[in-house]
Amino acid sequence: MFLLAIFIISILVSIGSFAFTSRRKEYAIISSAVVMVLTVVYSLLHFASSYSGGYVSVSNIALSTSTGIYFSTAVTGFTDWLLILGTVIIFIAALITKDNKDSRTMYSYILIAGAGLYGILISRNFLFFYIFWEVVLIPVYFMIGQFGGKNKDSASMKFFVYTQFGSLFILLAILTLYNFYSLSHSGVLTFQMSALLNTSFINTIPVLWKDFLIFGFLFGFLVKMPSFPVHSWLPDSYESAPFPGTVILAGGLSVMGGYGLFGILLPVSGIFSSTVLYVLILLGIISLIYFALTAMFQQSLKRMMAFASAAAMGFVTIAFGAGILEAGTISASAYASANIYNYSTFYSGILELSGGMFQIVAHGLIMAMIFATLYFITEKTGKQTMMNLGGIFREAPVLSSLFLAGLLASLGLPGLAGFIGEFSIFVGSFQAISWIIFFLIFGMIITASYHIWAAQKSLFGPYNENLGKIGDINSKEISILMGLLIMIFIIGIVPNLVYVPLVSYIAHLGGIGAL
Amino acid sequence: MFIYAWLIFISPLVGFVLSYLVGIKYRNWSGIIASTSIGLSLLFSYLTYLQVNASGPIHESVHWFYSINYGIYVDHLSLVMVLMVSFVGLMIHLYAMHYMGKDPNRHVYFAETALFTAGMLGLVISSNLVFFFLFWELVGLCSYLLIGFWFFKPNAASAAKKAFIVTRVGDLLFLAGMALLYTHLIGFTGLNGSSPLSIPYLINNAGLVAAHVGKVTLGIVSVLFLAAAAGKSSQFPLHVWIPDAMEGPTTVSALIHAATMVTAGIYLVARLFQIFQASAPFALESVAILGAFTAVFAGILGLVVNDLKRILAYSTISQLGYMLAAIGLGGFLTIGYSGVAYGMYHLVVHAMFKALLFMTAGSLLLAMMELRDVRRMGGLWKRMPVTVTLMFIGAITLAAIPPTAAYFSKDAIIDAAWTYFTGSGYGFISFLPWLFLVTGALLTVLYTFRMFFLVALGKPRSKLAEEAKDPPLHVQIPLFFLAAFSLGFGIWQSHFYDYISPSTPIPSAPIYIEAIPWAFIVIGVVITYYLYGTERWKHFHFSGNPLYKVVKNKFYIDYLFTNIIAERVILPLSAAFSTFESHYNTSVDVVGHDTMRLGTFMRRIQDGIIRNYFVVLISGISIIFIIMEILRLI
Amino acid sequence: MLILLVAMLSLILFTIGLYGVMTSNIGIKMMISIEILLNSGILNLVAVGSYYYSSQPMLMALFAIAIGVVESVIGMSLLSAIYRKFGKISISLLKEIKW
């Protein structure tokens, strides 16, 4: 009930933002802060009561029982953390928006995107899932198209059409499920996820349609993440978007893709044949190495970090594929036992699956911090390519240290959030497939190289006198970045905060690979 | 009883935060706070020493995530390291308060060194390999920050980047070793509830682990850990970062690149010695060969450099090779765990005299305004008597001249290598360690005294050298401690050995073998005095000699990494991928453009003439009707 | 037999109307031809209704006549607007709505 209330609040504030003609910035910051605080408090209460039964705060509002449209919501351990991440991202995005006369609609876009993200994560009915999936796209399109940098028209159009194309396949897959469910259950029509996401039911669908179904979902989610072959919208959109838009893209939209994989497809992992899983793992490896190598050659810091973000999501794909591959041989009952976080018994696949989910959360926070810092750097210096920056540590030491901290978090320094996810995925996927480790090591070396190269070129070395005099950031901006850094640090030191809810989510999946 | 051990690394962590925050306003206090926190660590280490002597090793662990715990494990080996690190760290911090002088960023310096010391201390007493890895990387991070401390120097920034990336390669191999070990041990019933990567479990149950995992696999794990150690302790071929790392402040080089961080790799191998021992023989053999080879390799390179700090850097690499070789000699059964004792003794002694040497070099460089070329120094013994005398003590220790402590430690290792050779059946492979180590002894004497004579004797060869003066006496007090230690620590040789590994024999060899290092000392001093104590070295020009060129270019290893791998392989690969990416993106745009062109083409049907619309309408309807009729008739 | 003649009549009327709409350029002529088209259709409808003794087609025809009236009125008002703008009612003047 409480969850539904928070959700309705977030929708109302986003619509209400159009009513304010002045002081929209304060309104946006306060409302997104309110939603964030409510979500965090709500989630912390759940961590304490440790999620009995997998789903909590279930609500079903029947809108049309004959066609199976219910507005049903629920939250799992995994979704809780994504909600926290989403609301934090929206709050940060609202904070770093510049406040001038033209940017009033920007706040509304941010809030609407936040409401849409919220809806995706909590909805348990496929129709509303898809509706909110589309709702997030539209404000981001307007953000890029109205407030973007260079190439904003073509970049926003490309972003919209490309991701829309992917989402179309999701819609087709949902409708396939819908149709076959009614065929095999004597005409009962339903969009409910609890009914449609059922491994034994999906395995009864004719093979051709089942393959189409898997392809549809995977295509749509991989476009959002993004993964290698379907990533072309990424560089231009990230680079042309205004910085709040980039923060939402990096932190919010990749969450959508990751949630699709781990939230929608993981409960029905029994439907994947090992060929599909190997293809996924291969795509993940190619993504990691391809994006890392491409990032190394970029001159613009923003574009480089866009590729870094995509490379980190390659880890998530690898984790998903390797985890299901490994776990596929364990029966359903093994996972349903009471305490699978107890390490003395071995549960295959769980390390990399929870590592992948952890990586989604960590990656969102880290990318938010990096792009927020880049925003401040661009504000101070007016430049964002490495050639035009140089040695800014002398003039802006605090800003540079925070940027360095963000880069170190992104490359997986232990003690910060990036390490736990990468370590779990590294060790876990080695358990599944041993030859993967060479590619992972190569990818991680390249990642370390270009991050440190970026730091050295832009922060250290002699000061680039063309920049003139730049000032350091003030305490308000420091507090934004330090807040994010502290969150990243806490998650890195106490990973149990994230892992315990995740594990309770996996334990109640009804058994991975139940065939 | 209260476990003081946690406070050993928590105290410098608090010192890190405090010295930065206080130092923003009151710069001079940051050094004092940092030094106090390390002094407290020393105190806590001593208290822990008493506790462990009373009641045995301390082991506490807390669940971290999945099968990984974190915690502390303190036994004799870690105690020795912890006492050494905090003592040497304290000495260097006290000296650094003078060395950093009025540097405007000195609060950042002291914060970073405090953090570094926290990391090093935590690394030594951590009880799980993942927790160990956390501190390992933390130490690498501080090294990166401190090498690049004078960030406006492009050489420094570039050297820091190189250090980070080279050590990162080693770290990833460490991760791979951990992953391999974890994969084979998880689910093993013999674990009895402890984490598969728990250090006390691994070293106490090495045989069980080897039986379960398989000796060859365990050997591969060990070699991966050795590679990680090679990265951190700059052994061949990952040694390329240390010479460039000398761009940082000299006290950084003393702390990190002489006494503490580089010994972390050696400590890793020493800590996991039982695992190395229980795996296939090639594990410890590789340790010994790698260490001995690096000792010689770095010694050769140290002969041709003219940068004072780089000579010391190569000397460090060489001495670390000795320590690694000593541990590797433990592969021979009668030596066993004593190899660790020999190695650790040399590690502690080396930390003392190397810190002394670097800090006296620091005083020299302060006087020479950071001009590091030894060919521009000279005649400094008269002008900076205290400093150069201390340097002399350090130099004779480095050369292992009796009765300094290093004589006991280094010659013990060489004699142990001889025992290894004779005991393993006079094989070729087992001869190599002794051969390399003894050659290394000659090279050590040569480069040490070359450096010393060029610095100390003769006439000053630059204006700065003429006007050099000693620093005030009170800042040299830490150096006196270290000098006294270097001279006198030899007394405790057998006590030290027995503390690490009970009833360790002091190695001995036939007198004609033991005399070889002594002969080398004499020969070396004579040669270097002849060449460098007088003016004769100026008459020799080697630059045309091809052999000299090869050595001067560091055997082209650096060239391999920087020019070939980085510039000619990775960068073009990256450029290729990036070009492919932009073409790929453009192809997607092309789809969009083609669709728009199709649309532009198709819309010309709307030409605005109503008659044509009507004609199309009618003809369309008629065609549909005709088709329907035809279909109805079929 | 009779129904056949009426159907042929309606077909001829349809052809005349169609020809008139397709080939003329004068607005009034097009409106009258459209009326002829409409009436041919209605004629056919009534003939069928009387042949099959059913009243439904008659009802449809009444509706069609009413709608035809309305449609002529709209057409005439459009023509007067065109006349006001151009001074002529030549349909080939309306070329604005194109690509």
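These figures come from a predicted structure and were not determined experimentally. A note on names: the letters A, B, ... follow the listed sequences, proteins ahead of strands, and every chain is numbered from 1. Just the heavy atoms: all of them, side chains too, but no hydrogens, waters or symmetry mates, feed the values below.
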Nearest non-hydrogen partners of B:W64 and A:I420, listed with the distance: CZ2-CD1, 4.4 Å
Residue A:I445 versus chain B: region with a heavy atom under 4.5 Å: both
Closest non-hydrogen atom pair between A:G412 and B:R168, with its separation: O-NH2, 4.1 Å
Region of A:L234 in contact with chain B, defined by heavy-atom distances below 4.5 Å: neither
B:F133-A:F423 aromatic ring centre distance below 6.0 Å: no
Interface residues of residues 144-154 of chain B facing chain A - heavy atom cut-off under 4.5 Å: B:Y144, B:L145, B:F151, B:F152, B:P154
Chain B contacts, top residue of A:Y162, A:W233, A:Y463, A:F430 (heavy-atom pairs, under 4.5 Å): A:F430
Pairwise distance CG(B:D171) to CG(A:L413) - rounded to 0.5 angstrom: 9.5 Å
Proximal component of A:F442, with respect to chain B [non-hydrogen, under 4.5 Å]: side chain
Pairwise distance CD1(A:I437) to OG1(B:T183) - rounded to 0.5 angstrom: 7.5 Å
Region of B:Y584 in contact with chain A, defined by heavy-atom distances below 4.5 Å: both
Residue pair A:S354 / B:Y66: nearest heavy atoms and the distance that separates them: OG-OH, 2.7 Å
Segment of A:S424 engaging chain B (4.5 angstrom heavy-atom cut-off): side chain
Heavy-atom contact with chain B under 4.5 Å, split by part of A:P229: both
Residue B:F135 versus chain A: region with a heavy atom under 4.5 Å: neither
Which portion of B:I165 sits near chain A, non-hydrogen atoms under 4.5 angstrom: side chain
Engaged part of A:L440 at the chain B interface, taking heavy atoms whose separation is under 4.5 Å: neither
Interatomic distance, B:E581 atom CD to A:S232 atom OG [nearest 0.5 angstrom]: 6.5 Å
Most contacts with chain A, counted as non-hydrogen pairs under 4.5 angstrom, among B:L138, B:D589, B:V108: B:D589
Contact winner vs chain A - B:E137, B:H184, B:M178, heavy-atom pairs under 4.5 Å: B:E137
Under 4.5 Å from any heavy atom of chain A - which part of B:V130: side chain
Minimal non-hydrogen separation, B:L172 against A:I441, with atom names: CD1-O, 3.7 Å
Interface residue of largest heavy-atom contact number with chain B, from A:L411, A:V494, A:I493, under 4.5 Å: A:L411
B:S574 and A:Y450: side chain donor to acceptor below 3.5 Å: no
Closest heavy-atom pair and its distance - B:F164, A:I452: CD2-CG1, 3.4 Å
Gap between atom CG of B:L573 and atom OG1 of A:T294 - 0.5 Å precision: 9.5 Å
Close side-chain approach of A:Y290 and B:F580, heavy atoms under 4.5 Å: yes
Under 4.5 Å from a heavy atom of chain A, the part of B:S158 involved: both
Distance-only polar pair, side chains of B:S578 and A:Q298, donor-acceptor under 3.5 Å: yes
Euclidean distance, B:K162 NZ relative to A:Q456 CD, rounded to 0.5 Å: 12.0 Å
B:V588 to A:K158 - nearest heavy-atom pair and separation: CG1-CE, 4.2 Å
Residue B:Y70 excluded, over 12 heavy atoms near OH under 6.0 Å: no
